[in-house]
Number of protein chains: 2
Amino acid sequence: MAPLGHRALPGASTVDHVSIDHLGDVPVYQQLAAILREQIASGELPGGRALPSHITLVQRYGVARGTAAKAVAMLVDEGLVRIVPGRGAYVQRRS
Amino acid sequence: MAPLGHRALPGASTVDHVSIDHLGDVPVYQQLAAILREQIASGELPGGRALPSHITLVQRYGVARGTAAKAVAMLVDEGLVRIVPGRGAYVQRRS
DNA sequence: CCCTATTTGTTCGTATGTATT
DNA sequence: AAATACATACGAACAAATAGG
């Protein structure tokens, strides 16, 4: 069994973002949720702003769409994000 | 149990919940396959009806998704169920 | 009104890694 | 060692809602 792609994410583009560790103990969807949660907390993703789409997250972080959806779903459960059907995911405006 | 013909509401599930024994000798996926097979045979799951999704089976019987998939795959092999990709698993219409 | 594109949600299939028996 | 079971992850396909042309 091939020891899974061990390549260190070649597209390590301008680290405007944190990379995902596909080999560590922390699940990918939890890592991605943590990244987005941090961007919300820091104001990089302010209230009312749309989150990157699933497809964008897939391209930007190298994860599967289902994994991206799972990460966003976590933020929805936490009340940080609101889904608008057919539109996208938006950062909740805090009162 | 499960008196046929007294169904007031279409979606009202008779909670005749058969439990899975995770400690016995019979593999979980075989137990689950037997449960579904019985529901098909009894008409509780008639021809054309969609089987519960993997996720539903996970929540309802407390098994892993892979185990639920394995159980459904058995019914497919037996010709009792037909898979429609992206849709779900449907009970075969018997002639 | 119809068509297309975008986005989210959900489905099944499959593979991997780990733990247990 | 082998079978079983679970969690995670990726891929592909279908559906519904929305928006714009």
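Labels below follow one simple rule: chain letters A, B, ... track the order of the sequence lines, proteins then strands, and each chain is numbered from 1. Computed from a predicted model, the values in this text were never measured in an experiment. Only heavy atoms go into these numbers, but all of them, side chains included; no hydrogens, no water, no symmetry mates.
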Open item on the list: Go through it in stages, so that I can follow the logic: the residues are A:Leu57 and A:Thr67, the test is side chain to side chain contact (heavy atoms under 4.5 Å, CB included), and I'd like the CA-CA distance, side-chain angles, deciding distance and then a yes or no.
Closed with: CA-CA 9 Å; A:Leu57 293 175; A:Thr67 303; over 6 Å; no
Task: Contact pattern, 5' to 3', of nucleotides 11-21 of chain D - B, S or - by protein heavy atom under 4.0 Å - done: --BSS-BSS--
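B:Ser53 has a side-chain polar atom (N or O) that falls below the 4.0 Å cut-off from OP1 or OP2 of C:dT11. Between B:His22 and the phosphate of D:dC6, there is a side-chain N or O to OP1/OP2 separation shorter than 4.0 Å.
Using a 4.0 Å heavy-atom distance criterion, A:Ala69 is classed as making no nucleic acid contact.
Nearest-nucleotide positions on DNA chain D for B:Val26 and A:Thr67 put B:Val26 closer to the 5' end.
Residues satisfying the salt bridge (charged side-chain N to carboxylate O under 4.0 Å, His left out) criterion with A:Glu38, sequence neighbours excluded, are absent altogether.
B:Ile20 and B:Val58 sit in two unconnected hydrophobic clusters of ILVMFWY residues. Membership requires side-chain heavy atoms under 4.5 Å apart, directly or through other members. Grouping the Ile, Leu, Val, Met, Phe, Trp and Tyr side chains by contacts below 4.5 angstrom, directly or via other members, places B:Leu75 with B:Val18. Taking hydrophobic clusters as Ile, Leu, Val, Met, Phe, Trp and Tyr residues chained together by side-chain heavy-atom distances below 4.5 Å, B:Tyr29 does not share a cluster with B:Val76.
Residues of residues 27-36 of chain B having a heavy atom closer than 4.0 Å to DNA chain C: none are found.
Of the N and O atoms on the side chains of B:Arg93 and B:Tyr90, not one donor lies less than 3.5 Å from an acceptor on the other residue.
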